Amino acid sequence: MTEVTRQQQAETIHAQSSSIAQQLQTISELEIPVIQVWDGILALPIVGTLDTARTQQMNESLLQAIVDTGAEIVIVDITGAPFIDTAIAKHLLETISAAKLLGAEVLLVGITARLALTMIHLGLDLSYVTTRTTMAKGLQLAFERLGLEVVRTKAPAARPAVADGAEA
Amino acid sequence: MARVPIICLGNVLIVTILEDLRDSDAMQLQEDVLTMVERKGARGVLIDISVIECIDSFLGRLLNDIALGSRLLGAEVVLAGIRPAVAITLVELGVELKMLHTAPDADKGWLLLRRRMIGPGTNGLAHDR
Amino acid sequence: MTANLRLSIGEEHDIIAARRSAREMARELGFGVVDQSRIATAVSELTRNVIRYATNSDGEISVNTISDADGHVGLEVVVSDLGPGMADVELALRDGFTSGVGMGMGLPGARRLMDEMTIDTELGKGTTVTARKWRR
């Protein structure tokens with residue numbers, strides 16, 4: 001019985017990893033969304049690998065969004081990017097440079113210690129890029145740059161009562 | 001040969017490039033801008049390129065050189081109106097516009113220029129920030 | 001619709017004419033605005049090289065529509081001159097390389113903007129650069 005169980009387990013694991021591989025493939029083919037998180041602030045969550053085609057698509061939609069929304073700050077979040085090699089780093093820097101040309105400051109968030117080390121080893125010049133470790137910190141910095149402040153006013157608003165089946 | 005008109009408003013020069021520049025026109029523009037910066041004691045130069053559909057490596061480097069020369073003469077340069085397509089192409093081409101500031105349009109360009117001009121005299125080549 | 005285009009490159013105003021025509025062809029072929037910009041700029045880089053380095057005679061640029069077996073459509077730019085030719089193509093393609101007066105960004109820049117590029121050159125005979133971009 002142990003043999004059958006082991007074989008079943010092996011098959012399940014195999015099926016799961018194929019499914020995961022397929023999902024990763026899907027994710028990497030998805031368009032990178034450009035999200036307006038606030039007036040003048042755009043966020044770009046990068047999930048999956050960045051290849052030339054994806055970076056080009058990302059550049060184009062980002063720049064158009066900057067022009068359309070008059071954004072002054074763009075937060076690029078690389079938390080979801082599996083790994084950064086020289087090619088991907090170059091693509092990222094291209095995006096950042098292009099955004100700067102349109103007058104938007106770029107904040108790079110989601111840097112981990114490992115990533116920082118990788119970038120140092122790759123000898124990348126990131127002296128002109130502002131970075132933060134999390135999206136939350138990036139957002140905080142963005143607000144500061146724009147002269148905005150988030151202030152707690154009294155108690156949070158009470159949630160309206162929700163009837164069964166009704167939407168909140 | 002096309003001469004690009006340069007308007008002087010106070011201590012700011014305004015340059016609007018309305019058509020494709022031949023290489024010699026571009027070099028003439030460089031000479032004209034620097035001459036006027038010196039003559040008028042300008043502290044800022046706003047170059048509007050919102051109509052321009054193509055900036056190649058020659059024009060890119062030239063604009064950067066204009067900014068470099070202007071800085072040496074005490075004026076900041078803002079390039080306004082880079083189209084997204086032009087921005088992407090410039091970046092992919094590998095042209096770096098290190099000596100000048102950029103803005104999406106003339107309005108923002110003007111504001112940016114005023115802000116940049118308020119700082120201490122820009123005699124040096126040090127990048128701010 | 002213009003199927004192909006041929007211009008001689010002798011004076012600097014030919015650079016502008018070449019890139020305008022190339023952009024127009026790209027537009028007619030259905031390339032997006034950004035790709036039109038890439039193609040126009042690449043043409044500008046390549047034709048400028050001819051003006052700068054093949055000073056003994058006029059060069060030529062032809063732009064043709066191309067398609068492949070899978071039905072993809074694209075644009076092929078061929079820039080040829082009877083100039084001095086290049087001794088080391090690899091070196092010339094390396095970023096930032098300048099050959100004396102400065103081929104500078106011409107070739108590496110154009111290659112980055114286009115999808116494919118091949119260079120045929122012989123010292124003392126001339127150079128032909130063929131670059132292609134496929135419509136996505």
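Order of the sequence lines fixes the chain letters, A, B, ..., with proteins taken first and strands second; residue numbering starts at 1 for each chain. In what follows, every heavy atom counts, from backbone to side chain, and hydrogens, waters and symmetry copies are set aside. All of these numbers come straight from a predicted model, not from anything done at the bench.
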Using a cut-off of under 4.5 Å on heavy-atom pairs, state which of B/Thr89, B/Leu79, B/Asp105, B/Val91 scores highest against chain A. B/Val91

The interface call for A/Glu60 against chain B, heavy-atom contacts under 4.5 Å, is both

Non-hydrogen atoms of chain A under 4.5 Å away: do they reach the side chain of B/Ile88, the backbone, both or neither? both

Can you tell me if B/Lys108 has over 12 outside heavy atoms packed within less than 6.0 Å of its NZ? yes

Any salt bridge linking A/Glu105 with A/Arg145? Criterion: basic side-chain nitrogen under 4.0 Å from a carboxylate oxygen. yes

Min side-chain heavy-atom separation B/Ile52-B/Val86 under 4.5 Å: no

Applying a heavy-atom distance below 4.5 Å, give me the residues of residues 63-73 of chain A that approach chain B, sorted by number. A/Leu63, A/Gln64, A/Val67, A/Gly70

Under 3.5 Å, is there a donor on one side chain and an acceptor on the other for A/Thr95 and A/Asn59? yes

Does any non-hydrogen side-chain atom of A/Val109 lie less than 4.5 Å from one of A/Thr131? no

If every non-hydrogen atom of B/Gly44 is compared with every non-hydrogen atom of B/Ala75, which pair is closest and at what distance? N-CB, 3.8 Å

Determine whether B/Asn11 and B/Met117 make a side-chain contact, defined as any pair of heavy atoms from C-beta on separated by less than 4.5 Å. yes

Smallest separation among heavy atoms of A/Leu101 and B/Ala87, with atom names: CD1-O, 3.8 Å

Name, in order of residue number, those residues of residues 134-142 of chain A that have a heavy atom at a distance of less than 4.5 Å from a heavy atom in chain B; otherwise write 'none'. none

Give, as side chain, backbone, both or neither, the part of B/Ile82 having an atom under 4.5 angstrom from any heavy atom of chain A. both

Only pairs of heavy atoms separated by less than 4.5 Å count here; which of B/Ala80, B/Pro84, B/Gly81 has the most with chain A? B/Pro84

Show your reasoning for whether side chain to side chain contact (heavy atoms under 4.5 Å, CB included) applies to B/Leu62 and B/Met27. CA-CA 7 Å; B/Leu62 191 106; B/Met27 292 194 285; 3.9 Å; yes

Closest non-hydrogen atom pair between B/Leu34 and B/Ile66, with its separation: CD2-O, 3.9 Å

Please find the pair of heavy atoms, one from B/Gly109 and one from B/Leu46, that lie closest to each other, and give the distance. C-CD1, 3.8 Å

Taking the basic N atoms (NZ, or NE/NH1/NH2) and the acidic carboxylate oxygens, is any pair closer than 4.0 Å for B/Arg83 and B/Glu53? yes

